[in-house]
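Report on the structure given below.
Per chain, numbering begins at 1; letters A, B, ... match sequence-line order.
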Amino acid sequence: MNKKTKWSLIGALLFGLVFSGIAIAQTKLVFPVHWSDFNVDGMYDEEGNLIAKGLSQYVEEYMRLNPDIEIEIQSVSFENYLQKILVAHMSGMSPDIFQIYALWGVSLVDSGVLDVPPADVIRDVRANYTPSAVIGTTIDGQIWGFPTEVDNYCLVYNKELFGEAGFTEPPATWAELVEMAPKLTKYDAEGNITQYGFAFLSGWESAVVHPFLSLLWSNGGEFLSEDYKECLVNSEEGIGALEAELELFRKRGTDASGSVWEFPNGTVAMMIMAPWYESSLKVGLQEKYEDVVGVAPIPILKEKVNAQYTWFACVGSGSKHKEEAWDFLRWFCSDVQPATNTTRQGDLMAGNVGALPPRKIDMENQETLGDLYTQTFIEELEYARGEPNIFQGAEIKRILMNEIVKTWNAQKTAKQALDDAVKQINEILAEFY
Amino acid sequence: MVKKQVRRRKRRKSKQALIGYLFLSPVFLFYSIFLVFPIGFSLYLSFHRWNMLTPPLKARYMGMKHFTYLLIQDETFLIVLKNTLFYALGTVFIGMILALIVALAFSRTKYSSIWRFVYFAPVVTPPVAIGMIWGYLYRPTDGLINTVLRWFYLPGQQWLSSPAQALPSIMITGMWAGVGFTMLIFIAGLKGIPEMYYDAARIDGANFWQAFWHITLPLLKPTILFVLVTGMIGAWQVFDLVFMMSSGGIDTGVVPFESVGVVALHMYQTAFRYMRMGRASAMAFILFLVVLAFTLIELRVLRRGGVESY
């Protein structure tokens, strides 16, 4: 090989390398999620067959269809998800796509963290999603993304324990529930509860506050004034709602050590729970699932109502690839798959995560939404009322939770606790409204 | 002539000083960026309301509000202060006793360097890894600790899943992780005690305990003071272990935050969950004052016992 040929070959090789580098140059989108591993990686049976796709399978499909796009899924725990968004945004390395709990939205919108969706996305959301989901995604009159998940609450009960106690129907009113709970409760020799007629869950804001809000609204009360300047939970209706919970403690149908997570172990007869617990119940109860799990509307105080919250997918204002990010979300949340007449996002929510997909077409066509567990949640959406999207929502909920739990532990009366909660919450509201 | 010489000498000295400062400037710059500025910024924030997303200079001035809120209204802050004190006293005092026993044993054991290596290994292991491994060990259903307990027909415990046991469980891990470092310091302290004192005591008929109480312990006081002060300062700021080992329980509501939370974790949640950087900064300064007060008390108490070198 002479010198000329050698240099020509080297030149061609270098050109090829550069050219191939250009050809495979990709736009990288970062998509942090707060889900469990099986929500991301998919659900498999014992033989290793995929039974429900996870987010990664959809992302891989999109990347196959769009070879110039690379999407990196980052798993972050729920507790650290908001922090991840904030710190990344602050450091100028904002992820491209987020899943936002609507309660965080106000602060994020106020601080300019979220990108304003394109007009077609806004039109699509207005036209094709359930009204409560659209409200959940709307902050200051502006829609900020595709609603991906709505969660409301129902009464979940153990049919086997009901049968053992001689009950055939779940309670329809809170008074009935309070009467039934002690009969479903078992105690050991020292009087400690070994089987809970009803279980609450302390320590987690939503698990305490959402059932309370359901009862508050059912009792005709309000959480906040319309202008968000005042907290109203210490009204007569609010105190009545908390007293209704405390009646369960007084009648020994529950105590503050109860935990909804014990339901799959067969030691909880009733609890108020969200739709996403379905997968855990199936895993925990295995073949007994259908014999054990029953779902009914939350027993009412005065009106039929249950609390609801929303998550939505959106694009970060700091993203360098907003257009590509919105394209992915259109494909994932909005494009209807002809074979099933559902969206991919809807399939993931209904088939894997166990949450309710809020797009109307998914509500109509997702088969799993009609199953034993989810159907009642769907029916109850008609009576669902979204928690208000307010500044410092997480902090306000923590205050309310702390005060409610004090009444469970008999450290305060319902009035004292709610008065104290109102005082603290009003101070926060005064900072922002 | 003399004046000229003096001037020249002065010039040379100032030139030398300038060169000295030039050599030191990277260190000054490093400390300014990574220590002085963050402390100053935190102090500024502790009097302001800032959520990280708006320009800090536009943050609203709050005066002493954060401090009064934390000390008067925030019940959680007082609870986590108590938890942190419990953690610090438990890990430092029990850990110190364990480390002293181990150090005494190794000072008389063959192949002590191997044992020292074994005990020191956790010190060089990242706390995140330690938290994860102990998290597995503590699992109530299939964790190694409960498995061993069951071998001896003892009831398995809930450990990190129990509101009452979660913090003590983390303390056990904290002690395990720190005992190697304290042990090394004690070994160094023990080696510094002249052997002639023990020889003299033996001639006088002193047994091991008498020698320990009247020679070892008094002469180890400077070491004990050092271990106590540095250990307490570290323990007051504990975060990584508690964060790693408690988040599972807190996230799911199994363990209430109040039963396991420490100041640094509360600070972290206040800053990043409730987006209250100002209040979190105020918490940091209160913690600083608490640590300072405890350190001064420790120094005073132990100095009264005759330790003058610290």
Q | Closest contact, heavy atoms only, Asn80(A) versus Tyr268(B) | A | OD1-OH, 2.8 Å
Q.
Surrounding CG of Asp140(A) (heavy atoms of other residues, nucleotides or ligands, distance under 6.0 Å), is the total greater than 12?
A. no
Q: Answer yes or no: are there more than 12 heavy-atom neighbours, outside Lys412(A) itself, under 6.0 Å from its atom NZ?
A: yes
Q: Examine whether an atom of Lys406(A) lies under 4.5 Å from a heavy atom of chain B, and if so say whether it belongs to the side chain, the backbone or both; otherwise answer neither.
A: side chain
Q. Near Tyr81(A) OH, under 6.0 Å, is it more than 12 heavy atoms from other residues, nucleotides or ligands?
A. yes
Q: Would you check if Gln392(A) and Arg276(B) make a side-chain contact, meaning some heavy-atom pair closer than 4.5 Å?
A: yes
Q.
Under 4.5 Å from any heavy atom of chain B, what part of Glu395(A) do you find: side chain, backbone, both or neither?
A. both
Q.
Using a 6.0 Å cut-off, check whether atom CZ of Phe288(B) has over 12 heavy atoms from anything other than its own residue.
A. no
**Q.** Reported CG-to-CG distance for the pair Leu86(A) and Asn51(B), which is rounded to 0.5 angstrom
**A.** 8.0 Å
Q | Under 4.5 Å from any heavy atom of chain B - which part of Ala207(A) | A | neither
(Q) With chain B as the partner, which of Ser107(A), Gly393(A), Ser111(A) has the greatest number of non-hydrogen pairs under 4.5 Å? (A) Ser111(A)
Q.
Heavy-atom count check: over 12 atoms from other residues, nucleotides or ligands less than 6.0 Å from Tyr31(B) OH?
A. no
Q) Can you tell me how far NZ of Lys397(A) sits from OH of Tyr274(B), rounded to the nearest 0.5 angstrom? A) 10.5 Å
Q: Ignoring hydrogens and angles, tell me if any N or O in the side chain of Arg49(B) forms a donor-acceptor pair with the backbone of Glu431(A) under 3.5 Å.
A: yes
Q) Given the options His89(A), Glu205(A), Lys84(A), which has more heavy-atom pairs under 4.5 Å with chain B than any of the others? A) Glu205(A)
**Q.** Region of Thr76(B) in contact with chain A, defined by heavy-atom distances below 4.5 Å
**A.** side chain
**Q.** Between CG on residue Leu108(A) and CE on residue Met275(B), distance to nearest 0.5 Å
**A.** 5.5 Å
(Q) Taking side chain as everything from C-beta outward and backbone as N, CA, C, O, which of these in Asn402(A) sits under 4.5 Å from a heavy atom of chain B? Side chain, backbone, both or neither. (A) side chain
Q | Salt-bridge criterion met for Glu75(B) and Arg398(A) (N-O under 4.0 Å) | A | no
Q: Please indicate whether Tyr136(B) has more than 12 foreign heavy atoms, meaning atoms of other residues, nucleotides or ligands, lying under 6.0 Å from its OH.
A: no
Q: Decide if atom NZ of Lys282(A) counts as having more than 12 heavy atoms of other residues, nucleotides or ligands within a radius under 6.0 Å.
A: yes
